[in-house]
**Q** 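What follows is a single structure, and I will ask about it in a moment.
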Number of protein chains: 2
Amino acid sequence: MNDVHIYEHDQDGLLYDPRARAAMGRFAEGEADLPAFEAAAALRTAYHAVERMRAHGSEGRGVSAGALDVLIRLSATERGISIGDLARAAGVSSRNVTGLVDTLERDGLARRVPDPKDRRSVLAEITPAGRAWVEAFRKPSQLAMRAMFRGFSPEDVLTFRDLCLRLAANQQRLADHLRQTGSSRP
Amino acid sequence: MNDVHIYEHDQDGLLYDPRARAAMGRFAEGEADLPAFEAAAALRTAYHAVERMRAHGSEGRGVSAGALDVLIRLSATERGISIGDLARAAGVSSRNVTGLVDTLERDGLARRVPDPKDRRSVLAEITPAGRAWVEAFRKPSQLAMRAMFRGFSPEDVLTFRDLCLRLAANQQRLADHLRQTGSSRP
DNA sequence: GTTAATTATGAATGACGTACATATTTACGA
DNA sequence: TCGTAAATATGTACGTCATTCATAATTAAC
């Protein structure tokens, strides 16, 4: 991969991406909106960074990002979780979760069991092999996390989480609003 | 889509995702590492939120996230940008950019011109139709950005950008280090 | 007890991103 | 200067993520 990001420090000492600023500068047009565009671009960059990290960490272990997300949720419970609940928790379509559980099942890390309470529903359940996988993944994952957040104060980490979720909540609100006014789908 | 995120407020007043915390809690094992895992999960959520937003904004316009990124960079310059430079600026593989430029070219929003200085290189250049597209996209995009960052103070936006880029820089450093020590590829 | 909503999944689609191989061209060093 | 190494874009192949639409099975509602 050819990836040579060079960031610089603002007069405030805050990091920014000169190339992104140059690209967005003309587009944002008003100086007032430029920081938001820069922040959105930075979010995209950061996401790819952790994805690359995660891909490296689970390299050769054959579990991808989405599947890992499901597996960790499964590892937190004794009884299984239904496909629909997993989808709602992760914020993706249930069809997507079906596929992720497929791959986990193919790898022997999870299994499907019928829901005794609802015969339409299927519970995904972690297997002993899945628990072993999670256990083996835990330590390197912790180390990777610490490396990723090196230089972050505890408050920085909490602030980062808060800002991310506020973004997500805004989008959520907006999508609900658009759905009600029926701007996109009547 | 079935997506009902419910976040709650910490005792500090900061947002967190109870489901993510429950899932990560057992995995992180040490209380010290839990916030980092929560932050990483929140980043993933936020990324999906803006992607969904972007998808809605450019709905029916036939330009996807990656292609939009390239197009905006092209719109910021008079002369073209080489595939390799675009790849380095966006932090993705050059092969990927080749595909993105393919779709932009197919839609008539960009074109390829030979680089007069280097006959191996190909410059991607925005077309008048591409400029018109960007122009039409500008206004709704600004509105969407403002909606996404509603409730953010100017400092919040800058802080968010800084934290994202610090994450990316850490990953960059880490990847370089791993490449040198040859842990993954000798 | 018939109709409507929910649940998971099959089928099809598309975007994203990677690795590997290759042809062309440039750069460099003996 | 000649020959080897590096860079550039792209063809081929692959895998993942995520979506929509349709469908069968089951539950809920009236």
Side-chain angles (χ1 to χ4, degrees), chain A residues 1-4 44-45 47-49 51-52 54-56 58-71 80-88 90-107 112-124 184-185, chain B residues 1-4 44-45 47-49 51-52 54-56 58-59 61-71 80-88 90-107 112-124 175 184-185:
Chain A
M1 266 269 307
N2 31 11
D3 184 4
V4 189
R44 187 174 153 85
T45 302
Y47 171 76
H48 283 139
E51 277 309 307
R52 213 165 288 152
R54 173 145 46 192
H56 181 93
S58 63
E59 191 176 28
R61 296 172 204 255
V63 170
S64 63
L68 180 59
D69 192 87
V70 168
L71 190 58
I81 308 177
S82 78
I83 304 285
D85 284 348
L86 283 170
R88 278 181 287 273
V92 297
S93 70
S94 65
R95 184 61 186 87
N96 188 15
V97 173
T98 293
L100 296 176
V101 173
D102 281 348
T103 72
L104 286 175
E105 200 164 29
R106 169 170 50 77
D107 296 344
R112 283 176 163 88
V113 295
D115 186 338
K117 302 221 182 79
D118 187 339
R119 287 162 60 194
R120 292 169 301 181
S121 182
V122 172
L123 300 182
S184 130
R185 190 81 47 80
Chain B
M1 265 267 310
N2 32 12
D3 183 5
V4 189
R44 187 175 155 85
T45 302
Y47 170 77
H48 283 138
E51 276 310 306
R52 213 164 288 152
R54 172 145 46 192
H56 181 92
S58 63
E59 190 176 28
R61 297 170 204 255
V63 169
S64 63
L68 179 59
D69 193 87
V70 169
L71 189 59
I81 308 177
S82 80
I83 304 285
D85 283 348
L86 283 169
R88 277 182 287 274
V92 297
S93 69
S94 64
R95 183 62 187 87
N96 189 15
V97 173
T98 293
L100 296 177
V101 173
D102 281 348
T103 72
L104 286 176
E105 200 164 29
R106 169 169 50 74
D107 295 345
R112 284 176 163 88
V113 296
D115 185 339
K117 302 222 182 78
D118 187 339
R119 287 163 59 194
R120 291 170 300 181
S121 181
V122 172
L123 300 182
S184 130
R185 189 82 47 79

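Numbered from 1 within each chain, the chains take letters A, B, ... in sequence-line order.
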**Q** On the nucleotide C:dT9, are OP1 or OP2 found under 4.0 Å from the side-chain N or O atoms that A:S94 carries?
**A**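 No, A:S94 has no side-chain N/O under 4.0 Å of OP1/OP2 on C:dT9.
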**Q** Is the backbone N or O of B:L100 less than 3.5 Å from a side-chain atom of B:T103, with the two atoms forming a donor-acceptor pair by type?
**A**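 Flag set: sc B:T103 to bb B:L100 pair under 3.5 Å.
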**Q** Would you mind classifying the nucleic acid contact of A:T103 as base, sugar-phosphate or nothing, using non-hydrogen atoms under 4.0 angstrom?
**A**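 If one applies the 4.0 Å heavy-atom cut-off, A:T103 turns out to touch nothing in the nucleic acid.
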**Q** Can you tell me if A:S64 touches the phosphate of D:dC17, counting only side-chain N or O atoms and a distance under 4.0 Å to OP1 or OP2?
**A**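 The answer is yes; a side-chain N or O of A:S64 sits under 4.0 Å from OP1 or OP2.
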**Q** A:S121 near the nucleic acid: base, sugar-phosphate alone, or nothing, with a heavy-atom cut-off under 4.0 Å?
**A**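 A:S121: backbone/sugar contact only, no base atoms under 4.0 Å.
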**Q** Kindly say if B:H48 contacts the phosphate of D:dA18, meaning a side-chain N or O under 4.0 Å from OP1 or OP2.
**A**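 Looking at the OP1 and OP2 atoms of D:dA18, one of them is under 4.0 Å from a side-chain N or O of B:H48.
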**Q** Testing the basics here: between A:L86 and A:A124, what is the closest heavy-atom pair and its distance to 0.1 Å?
**A**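 Taking every non-hydrogen atom into account, CD1-CB, 4.2 Å.
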**Q** Students often get this wrong, so: under 4.0 angstrom with heavy atoms, is B:R95 touching a base, only sugar-phosphate, or nothing?
**A**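 Base, at least one base heavy atom under 4.0 Å.
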**Q** Atom CG of B:L100 and atom C1' of D:dT10: how far apart are they, to the nearest Å?
**A**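 One finds 14 Å between C1' of D:dT10 and CG of B:L100, rounded.
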**Q** Can you find an N or O donor on one side and an acceptor on the other, under 3.5 Å apart, linking the side chain of A:R120 with the base of C:dA8?
**A**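 Counting by modelled atom types and ignoring angles, no donor-acceptor contact under 3.5 Å is found here.
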**Q** Rounded to the nearest Å, what distance is computed from the CZ atom of residue B:R119 to the P atom of nucleotide D:dA6?
**A**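 Spelled out: CZ on B:R119 to P on D:dA6 is 23 Å.
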**Q** Nearest whole Å is fine: how far is D:dT16 P from A:L68 CG?
**A**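 Whole-Å distance recorded here is 13 Å.
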**Q** Using every non-hydrogen atom in the two residues, find where A:A90 and A:D69 come nearest and quote the distance to one decimal.
**A**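 A:A90 and A:D69 have their closest heavy atoms at CB-OD2, 3.9 Å.
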**Q** When you measure from the side chain of A:V92, which nucleotide among D:dC17, D:dT19, D:dT10 comes out closest?
**A**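 That would be D:dT19.
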**Q** Which one, D:dT10, D:dA18, C:dA8, comes nearest to the side chain of A:T98?
**A**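 Selected nucleotide: C:dA8.
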**Q** B:V101 or A:G66: which one's nearest nucleotide on DNA chain D is closer to the 5' end?
**A**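 Taking each residue's closest nucleotide, the earlier one in sequence belongs to B:V101.
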**Q** Check whether any side-chain nitrogen or oxygen of B:S93 sits under 4.0 Å from OP1 or OP2 of C:dG17, and answer yes or no.
**A**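 Checking B:S93 against C:dG17: no side-chain N or O falls below 4.0 Å of OP1 or OP2.
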**Q** Which nucleotide, D:dA9, C:dT18, C:dA8, lies nearest any side-chain atom of B:V122?
**A**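 Between D:dA9, C:dT18, C:dA8, the one nearest the side chain of B:V122 would be D:dA9.
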**Q** To the nearest Å, how far apart are A:R112 CZ and C:dT9 C1'?
**A**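 Rounded to the whole Å, the gap is 8 Å.
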**Q** Could you give the CG-to-C1' distance, from B:N96 to D:dG15, as a whole number of Å?
**A**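 Whole-Å distance recorded here is 14 Å.
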**Q** Given B:I83, which partner from the list B:L123, B:N96, B:T98, B:V70 fulfils the side chain to side chain contact (heavy atoms under 4.5 Å, CB included) test?
**A**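 Only match with B:I83 under side chain to side chain contact (heavy atoms under 4.5 Å, CB included): B:T98.
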**Q** Are the side chain of B:E51 and the backbone of B:A65 linked by a donor-acceptor contact shorter than 3.5 Å?
**A**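 Not a single qualifying donor-acceptor pair exists.
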**Q** Would you kindly give the CG-to-P distance between B:D118 and D:dA9, to the nearest whole Å?
**A**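 These atoms are roughly 8 Å apart.
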**Q** Measure CG/A:D102 against P/D:dC17 and give the value in whole Å, please.
**A**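 Rounded to whole Å, this separation is 12 Å.
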**Q** How many whole angstroms separate atom CG of B:L86 from atom P of C:dG17?
**A**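 Whole-Å distance recorded here is 13 Å.
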